[in-house]
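A short worksheet on the structure shown next.
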Amino acid sequence: MSVQNAEIARLFARLADLLEIEQQNPFRVRAYRNAARVIGGLSHPVADRVATGEDLTDLPGIGEDLADRIIGIVKTGRFPLLEEVERRTPGTLSDLMKVPGLGPARVRTLYRELGITGPEDLERALRTGAVRELSGFGEKTEAALRSALARTRAASERTLLAEAETLARPLSEWLGGCEGVLEVAVAGSFRRRRETVGDLDILVTCRRGASVMDCFTAWEDVGEVISRGRTRSTVMLRSGTQVDLRVVPQISYGAALQYFTGSRAHNIHVRRIAGQRKLKINEYGVFRGRRRVAGRNEEEVYAALDLPWIPPELREDAGEIEAAARGALPRLIEPSDLRGDLHCHTRATDGQQSIGEMARAAADRGHEYLAITDHSRRVSMAHGLDADALLAEIDEIDRIAETLPDMRLLKGIELDILEDGSLDLPDRVLDRLDLTVCAVHYGLGLSRRRQTERILRAMDNPRCTILAHPRGRLIGEREPCELDMERIMRGARERGCILEVNAQPRRLDLSDSDCRMACELDVALAINTDAHSAAQLDLLRFGVDQARRGWVEPGRVINTLPLGELLARLRR
DNA sequence: GCCGTTTTCGGCCCGACTGTTTTCAGTCG
């Protein structure tokens with residue numbers, strides 16, 4: 001099996017931690033950390049580039065040295081430099097760095113003075129009181145580390161974006177009602193619409209002298225106040241999610257929003273450009289010397305660098321700043337571009353509502369069309385439909401469709417792709433449908449080559465309209481299946497097959513980087529909810545978020561098409 | 001270790017909060 005990007009990223013990040021603990025050149029440390037981020041965020045496997053002999057130094061932050069190291073890892077599966085460093089500095093120290101409150105300096109002290117190499121050692125040393133005796137540590141640090149370790153164990157990890165919304169919305173409203181508060185914005189990865197959110201960054205402007213921090217820490221869901229200052233406080237919610245609140249003057253709102261939205265890599269790049277122009281950017285504004293030249297809103301901040309405003313979803317330092325400078329930012333898709341939904345379920349299989357209820361709910365949302373796509377027979381857990389049951393459903397869809405003046409109900413099925421790549425129902429039945437969404441539900445553990453060929457074979461059948469949730473992942477629960485996504489995409493393009501961006505918050509499959517690849521390879525997409533209830537028809541916007549992060553423009557997405565053009569496009 | 005309409009050498013983002021320090025280091029975002 002070839003080495004995955006995530007593995008290379010992990011090795012580089014680990015090396016960066018260890019070199020930092022060893023107090024080596026901090027810029028060398030940054031170079032490895034930056035390379036980890038760049039490789040981890042690539043849409044194509046870097047192993048493929050190595051195989052075809054592509055020049056890796058084209059990648060940002062990858063020079064001769066790092067390119068050679070990547071090639072070595074891909075070809076041998078080993079990283080001798082890391083092995084060498086780990087002989088003098090235990091690799092597990094990198095895990096210790098993940099404990100909140102521990103950075104390279106404290107980890108180094110803990111290791112050198114007490115021989116602590118991991119969380120278990122640390123816990124023991126905290127119990128015996130050895131830690132508080134160290135210079136630079138004290139009783140408060142000891143208590144903080146004890147609670148940090150407990151929190152790490154309880155590790156709720158990252159929160160799904162949709163769940164983070166349910167925490168952020170009521171808190172934002174609460175803050176908006178606090179005395180003297182003028183503006184409230186949720187920034188950070190939440191605003192960049194990442195599929196998961198680590199903690200919530202909330203920005204507030206207020207009238208002078210307002211006691212926002214008192215109001216913030218009085219929020220009913222606050223479990224623990226971690227730090228509390230005049231302009232910045234951190235709390236832990238009872239759910240385990242951390243929230244940082246920053247208060248800035250109104251005149252700094254744009255600069256602060258830009259700054260706290262990140263990503264860090266984007267900001268570093270932006271500030272580098274500012275430095276070249278003798279400007280300084282911080283969360284209070286853009287400054288030339290001591291004079292503020294921008295900061296009231298984000299447009300001003302970017303304009304000070306001769307850049308157009310950059311949508312938050314793109315701010316990952318993945319080429320968006322260069323594109324902005326060229327005037328070549330994409331016109332990103334928006335929820336209002338979508339005219340319908342091509343994947344949903346009803347009570348006939350594992351959905352919660354009838355066909356009629358789903359149809360009316362979609363019509364209420366202004367959809368021009370909705371495809372009913374219940375499961376096929378192989379997915380027995382969901383009471384998948386066999387040929388006869390599907391024919392009966394087709395008749396019922398036709399009946400209900402006649403009662404809907406303003407919306408077209410499309411006949412479809414979520415068709416299982418069997419292990420040999422054949423489709424789960426006979427062609428003669430499928431020919432009665434407007435579309436199929438085809439998906440793998442079993443045999444997710446096949447090898448990369450077999451899984452790829454299985455899906456390509458399924459797409460050989462012209463009745464395969466849309467490949468649904470192609471990676472088969474469940475965020476935080478199930479890893480994506482092994483797949484040569486580039487081959488799948490090239491295959492889809494040749495065959496006129498469409499790839500789905502499944503909007504279920506725990507799927508979001510295709511991922512953001514897959515979407516970016518689809519743009520590069522000119523593959524058509526559909527953004528679908530896979531709704532199992534009427535309420536879930538509202539999830540489309542999460543699919544849009546993911547597509548926007550992948551630079552997707554409306555023209556790439558077939559369910560932006562009016563009905564007539566859509567129907568033509570569905571016929572391969 | 002990377003990178004260059006200031007540079008192939010000499011730079012590399014910047015401020016807030018905490019605790020232990022008695023003037024600042026460490027961590028975080």
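A, B, ... follow the sequence lines: proteins, then strands. Residue 1 opens every chain. Values reported hereafter were calculated over all heavy atoms of this structure, with side chains retained and with hydrogens, waters and symmetry mates removed.
- With B:dG1, B:dT20, B:dA16 as the choices, the nucleotide that has an atom nearest any side-chain atom of A:Lys140 turns out to be B:dT20.
- Of the residues in residues 317-326 of chain A, not one places a heavy atom less than 4.0 Å from an atom of DNA chain B.
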Counting primed atoms, P, OP1 and OP2 as sugar-phosphate and everything else as base, the B/S/- map of nucleotides 22-28 of chain B against protein heavy atoms under 4.0 Å is ----SSB

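- Salt bridge annotation for A:Glu482-A:Arg471: absent, with no cationic side-chain nitrogen under 4.0 angstrom from a carboxylate oxygen.
- Every residue two or more places apart in sequence or in another chain was checked for a side chain to side chain donor-acceptor pair (under 3.5 Å) with A:Arg87, and none qualifies.
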Check: residues 215-222 of chain A side-chain donor-acceptor pairs under 3.5 Å, at least two apart:
from, atom 1, to, atom 2, distance (Å)
A:Thr217, OG1, A:Met213, O, 3.0
A:Thr217, OG1, A:Asp214, O, 3.3
A:Thr217, OG1, A:Arg228, NH1, 3.4

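- Counting non-hydrogen atoms under 4.0 angstrom, A:Gly188 reaches nothing in the nucleic acid.
- Judged by distance alone, with hydrogens and angles left aside, the side-chain atoms of A:Asn297 form no donor-acceptor pair with the main-chain N or O of A:Gly254 at under 3.5 Å.
- Panel note: side chain A:Arg106, backbone A:Gly101; a donor-acceptor pair is recorded below 3.5 Å.
- Proximity of residues 246-263 of chain A to DNA chain B (heavy atom under 4.0 angstrom from any strand atom) is restricted to A:Arg246, A:Tyr259.
- Applying a 4.0 Å cut-off to non-hydrogen atoms, the residues of residues 279-291 of chain A that approach DNA chain B are A:Lys280, A:Ile281, A:Asn282, A:Glu283, A:Tyr284, listed by residue number.
- With sequence neighbours excluded, the residues that form a side chain to side chain donor-acceptor pair (under 3.5 Å) with A:Arg315 are A:Glu298, A:Tyr302.
- Under the ring pair (Phe, Tyr, Trp, His ring centres under 6.0 Å) criterion, no residue pair touches residues 175-195 of chain A, with sequence neighbours excluded.
- Screening residues 52-107 of chain A for ring pair (Phe, Tyr, Trp, His ring centres under 6.0 Å), with sequence neighbours left out, gives A:Phe12-A:Phe79.
- Heavy atoms of A:Glu139 sit under 4.0 angstrom from primed sugar atoms or phosphate atoms, though from no base atom.
- By the side chain to side chain donor-acceptor pair (under 3.5 Å) test, A:Arg78 pairs with A:Glu83, sequence neighbours left out.
- Nearest nucleotide to the A:Ser227 side chain, out of B:dC13, B:dG1, B:dC17: B:dC17.
- Of the residues in residues 74-85 of chain A, not one comes within less than 4.0 Å of DNA chain B through any heavy atom.
- Between A:Asp17 and A:Arg33, at least one side-chain nitrogen of the basic residue sits less than 4.0 Å from a carboxylate oxygen of the acidic one, meeting the salt-bridge criterion.
- With salt bridges taken as basic N to acidic carboxylate O contacts below 4.0 Å, none links A:Glu173 and A:Arg169.
- The partner of B:dT27 is B:dA16, by the rule that a Watson-Crick or G-U pair needs both atom distances under 3.5 Å.
- A:Arg228 comes within 4.0 angstrom of the backbone, heavy atoms only, and of no base.
- Between A:Arg10 and A:Asp95 there is no salt bridge, since no side-chain nitrogen of the basic residue lies less than 4.0 Å from a carboxylate oxygen of the acidic one.
- At the phosphate of B:dC17, neither OP1 nor OP2 sits under 4.0 Å from any side-chain N or O atom of A:Ser233.
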Pairs under 3.5 Å (N/O, protein and nucleotides 5-11 of chain B):
none

